[in-house]
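Beneath this line is the structure, given in structure tokens, with notes to follow.
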Amino acid sequence: MMKYAKTVASLVLVLLASGCSQPAEEETRAFGVPDSLCGTPVPVDLLSTVLPAGGERITEEKKDGKGYFTCTVLVDGTDVLHASWSWWEGGTGATKVAAAMRGVDLDEHVSEDGAYTYADKGGVGRVSCPEPSVPTFKGEMELFAQIFLANNGRPDEAAMEKLIQAYAQGVSASPECVRT
């Protein structure tokens with residue numbers, strides 16, 4: 001009888017430890033993960049994966065210029081993620097844009113068509129803008145979205161691949177794609 005009691009007690013402890021508690025991330029993160037990255041819609045679950053597991057407050061610092069946009073995501077005043085988009089000369093590949101990003105080597109994973117590249121700490125994606133009905137000042141230029149982690153961001157290769165694709169798709173629906 002004692003042999004069975006020990007087995008049952010062990011099983012109860014394993015069950016309690018494995019599935020009956022909330023994930024640590026939800027217990028320590030006081031801020032709500034936004035459903036956009038610097039104003040561009042992205043799935044919450046993708047953004048949540050690369051943001052710190054803890055913290056009290058999330059804020060964004062944005063700078064919008066002629067032909068570029070930059071944004072720093074901060075948690076408790078510390079920058080954790082940078083998102084941006086900018087126009088590049090036509091024919092520029094995602095790896096060339098990635099080479100201009102600080103601290104991120106992004107030539108390891110490149111899509112077959114060269115539209116995006118990513119690593120665990122960042123990614124670059126070509127933005128597919130609809131053809132304008134009137135010629136624009138941008139001529140043959142191409143728009144690229146970029147994301148990279150800083151400081152307390154959590155590197156995750158699979159999440160970054162999906163996040164850069166979602167961010168580039170979100171930017172494609174922005175006014176920048178149709179601005180003349």
Side-chain angles (χ1 to χ4, degrees), residues 22-26 28-29 31-55 58-64 67-75 78-131 141-178:
Q22 284 187 321
E25 180 175 306
E26 292 177 15
T28 60
R29 186 183 282 166
F31 63 86
V33 176
D35 60 358
S36 69
L37 177 55
C38 303
T40 300
V42 295
V44 171
D45 59 325
L46 296 179
L47 193 52
S48 178
T49 304
V50 299
L51 291 177
I58 187 169
T59 56
E60 296 175 343
E61 295 177 354
K62 302 174 189 177
K63 183 175 183 181
D64 196 358
Y68 74 92
F69 170 82
T70 62
C71 178
T72 301
V73 178
L74 302 107
V75 173
T78 301
D79 62 330
V80 295
L81 185 143
H82 298 269
S84 61
W85 52 254
S86 56
W87 290 93
W88 289 71
E89 184 177 322
T92 301
T95 55
K96 184 174 182 178
V97 177
M101 291 174 58
R102 68 177 176 166
V104 182
D105 178 19
L106 295 174
D107 61 359
E108 186 175 337
H109 301 290
V110 182
S111 64
E112 281 187 34
D113 62 359
Y116 68 92
T117 182
Y118 66 94
D120 62 344
K121 294 183 180 180
V124 171
R126 182 181 301 121
V127 177
S128 297
C129 292
E131 288 294 321
M141 297 183 80
E142 294 179 300
L143 184 60
F144 284 89
Q146 302 110 35
I147 297 173
F148 70 92
L149 298 178
N151 299 321
N152 295 328
R154 295 184 299 170
D156 185 321
E157 213 168 73
M160 192 55 70
E161 178 185 20
K162 292 175 185 171
L163 183 58
I164 190 58
Q165 290 175 1
Y167 184 58
Q169 183 177 9
V171 172
S172 74
S174 75
E176 182 59 26
C177 267
V178 294

Can you measure from [atom1] ([X]) to [atom2] ([Y]) and round to the nearest 0.5 angstrom?
X: Leu46; Y: Ile164; atom1: CG; atom2: CD1; result: 11.5 Å
X: Leu163; Y: Leu149; atom1: CG; atom2: CG; result: 8.5 Å
X: Phe148; Y: Ser84; atom1: CZ; atom2: OG; result: 7.0 Å
X: Cys71; Y: Lys63; atom1: SG; atom2: NZ; result: 13.0 Å
X: Glu161; Y: Tyr118; atom1: CD; atom2: OH; result: 3.5 Å

remark   = The side chain to side chain contact (heavy atoms under 4.5 Å, CB included) partners of Pro41 (sequence neighbours excluded) come to none

note = Hits for side chain to side chain contact (heavy atoms under 4.5 Å, CB included) against Ser128, two or more places apart or cross-chain, chain-then-number order -> none

task = Could you walk me through whether Asn152 and Val75 pass the side-chain contact (heavy atoms from CB on, under 4.5 Å) test, one step at a time?
result = CA-CA 9 Å; Asn152 295 328; Val75 173; over 6 Å; no

Taking the side chain as everything from C-beta on, heavy atoms only, tell me whether [X] gets closer than 4.5 Å to [Y].
X: Leu81; Y: Leu37; answer: yes
X: Cys38; Y: Phe69; answer: yes
X: Ser48; Y: Arg29; answer: yes

Do any N or O atoms from the side chain of [X] and from the backbone of [Y] form a donor-acceptor pair under 3.5 angstrom?
X: Ser86; Y: Tyr68; result: no
X: Arg126; Y: Ala94; result: no
X: Glu142; Y: Val127; result: no
X: Arg154; Y: Leu51; result: yes

What are the two closest non-hydrogen atoms of [X] and [Y], and how far apart are they?
X: Gly153; Y: Pro155; value: O-CD, 3.3 Å
X: Cys177; Y: Val171; value: SG-O, 3.8 Å
X: Ala115; Y: Asp113; value: N-OD1, 3.0 Å
X: Val44; Y: Pro34; value: CG2-O, 3.6 Å
X: Val50; Y: Met160; value: CG1-CE, 4.2 Å

note = Residues pairing under side chain to side chain donor-acceptor pair (under 3.5 Å) where one sits in residues 31-47, two or more places apart or in two chains, turn out to be none

query = Around Gln169, counting heavy atoms of other residues, nucleotides and ligands shown, do more than 12 lie under 6.0 Å from its CD?
reply = no

Under the side-chain hydrogen bond (donor to acceptor under 3.5 Å, both in side chains) rule, collect the residues that match up with [X], sequence neighbours excluded.
X: Thr70; result: none
X: Thr72; result: His82
X: Tyr167; result: none

key: Residues in salt bridge (charged side-chain N to carboxylate O under 4.0 Å, His left out) contact with Lys96, at least two apart in sequence or another chain   = none

message = My understanding is that only residues two or more places apart in sequence, or in another chain, count here; which of them pass salt bridge (charged side-chain N to carboxylate O under 4.0 Å, His left out) with Glu157?
response = none

request  = Check each of Tyr116, Trp85, Trp88 against Phe144 using the side chain to side chain contact (heavy atoms under 4.5 Å, CB included) test, and report the only one that passes.
outcome  = Trp88

Criterion side-chain contact (heavy atoms from CB on, under 4.5 Å) on Glu176 and Trp87, from CA distance to verdict = CA-CA 10 Å; Glu176 182 59 26; Trp87 290 93; 2.5 Å; yes

